[in-house]
Amino acid sequence: MQPPNLVLVPGTPDDRLSSGRTSIVHVVGARPNFVKMAPVIAALDRRDVFRQVVVHTGQHYDSRMSDEVLADLDFPAVDVFLGVGSGTHGAQTAKVLSEFERVLIDVAPDVVLVAGDVNSTLACALAASKLGIAIAHLESGLRSFDWSMPEEINRVLTDRLADILFTHSPEAGDNLEAEGIDRSRVYYVGNTMIDSLRRCERRARAVKAWEAIGMAERSYVLVTLHRPSNVDDPGRLDRIVDGLVGLAAHAPVVFPIHPRTRARLADDGGLDRLSTAGVACIEPAAYLEFLSLQSGAGAIVTDSGGIQEEASALGISCYTFRPNTERPVTLTHGTNLLLGEDPAEISEVRPSSHPPTPCAIPLWDGRAGERVADALVANYAMVSQHVGAHG
Ligand code: UD1
């Protein structure tokens, strides 16, 4: 079901605007945005310098993909919900662009903060850019150098539009410099996703989500797959199902299934084959439940970006089912291994019963949101008419 169109939460943006302070609009739209943005909004709240307005584009709208994740994170109330829903890349991006432009004209913020690499990120950056509003980009500089990924297009273009760029690893800063972005606009702040993880880790461990599905801690392999390159081609998805069936012959498998993947699997009988093989096919997990499943896993197989990072922070072996990663720091300093593209490799993964050793990646210390907030205050507080860095 598609969500309703533009819904203005009564009163809130106007109330905030009437306070006469510098205003910042935060954009969230898809599941990973919520996790990255929550620590920044909380850190800015503590500083009480900006009027903060939270805009949710509605790119993700299912309860498991949005509301439940927001609740787990104690995310502040959303001020404006655009309700764009799903669509082709062009349609979804265009809808966010035009709806968000209306909000920007209404709210007239001094700065817009966007996060990550989803369609909402690029669309909102573009809308802000066209109106001459300053843009800050959280999680800048990641590059897979794989132009067939929609996220790579979103990352490169958003970074090009951004005035200040927050990076989570030195390599990301190097990528930006190689593209001609001046170092003076780049802030190496660390990883706000790990701030959320550290804040919620204890609560998540207490959930012991593996028990509800009859699994023992460290006995199972946790699987997530949602990249179009893996799940959209029925032939390839069929071979991936073969790989998972092979894996399930050796170890229990827990598979929270993304809506995109579930739809494709349901179309071609893959879901039945997985269930028959004993794979625990479950609904997408909300944030705490998924963190719990990760913390109790013996290994993780994924094509997600954020999970490579969370697995490293938790110390769980992560096998990334992709030929590349835009997060090389998880290979050099974390627990991540590239499994490649051959679905047969999936059946070779084994859970480890050893206790995990969480990785200490520089600046992934639970305080990245504070550093982002400091930089935003230093750049934008008290500036009434900011002119973007591009002039
Ligand atoms: C998006 C991001 C991806 C990110 C992922 C995290 C882009 C281009 N991709 O991929 O980078 O890793 O989110 O989950 O922005 N759907 C639902 N309910 C929802 C949301 C989606 O059923 O709440 C279904 C719809 O059929 C939709 C499909 O999932 O067409 C894909 O959703 P979409 O937001 O376009 O891309 P994701 O695959 O979720």
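Just follow the structure's listing: the first ligand is 1, and inside any ligand the first atom is 1. Along the sequence shown, the residues carry numbers beginning at 1.
- Checked against salt bridge (Lys or Arg N to Asp or Glu O under 4.0 Å), Glu179 has the following partners two or more places apart in sequence or in another chain: Arg143.
- The stretch residues 203-238 participates, sequence neighbours left out, in these ring-ring contact (aromatic ring centres under 6.0 Å, His included) pairs: His226-His258.
- Environment of CZ in Arg260: crowded, with over 12 heavy atoms of neighbouring residues, nucleotides or ligands closer than 6.0 Å.
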Inventory of protein N or O atoms under 3.5 Å from ligand 1 N or O:
residue, atom, partner, partner atom, Å
ligand 1, 11 (O), Glu151, OE2, 2.5
ligand 1, 12 (O), His226, NE2, 2.9
ligand 1, 13 (O), His60, NE2, 3.3
ligand 1, 14 (O), His258, NE2, 3.4
ligand 1, 15 (O), Gln59, NE2, 2.9
ligand 1, 15 (O), Asn119, N, 2.9
ligand 1, 18 (N), Asp62, OD2, 3.0
ligand 1, 23 (O), Tyr61, N, 2.9
ligand 1, 23 (O), Asp62, N, 2.9
ligand 1, 34 (O), Gln59, NE2, 3.1
ligand 1, 34 (O), His60, NE2, 3.2
ligand 1, 38 (O), Arg260, NE, 2.8
ligand 1, 39 (O), His60, NE2, 2.8
ligand 1, 39 (O), His258, NE2, 2.9

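- Residues passing the ring-ring contact (aromatic ring centres under 6.0 Å, His included) test with Phe34 are His56, sequence neighbours excluded.
- When Leu291, Leu70, Val28, Leu73 are each tested for a side-chain contact (heavy atoms from CB on, under 4.5 Å) with Val35, only one passes: Leu73.
- Between Glu151 and Arg155 there is no salt bridge, since no side-chain nitrogen of the basic residue lies less than 4.0 Å from a carboxylate oxygen of the acidic one.
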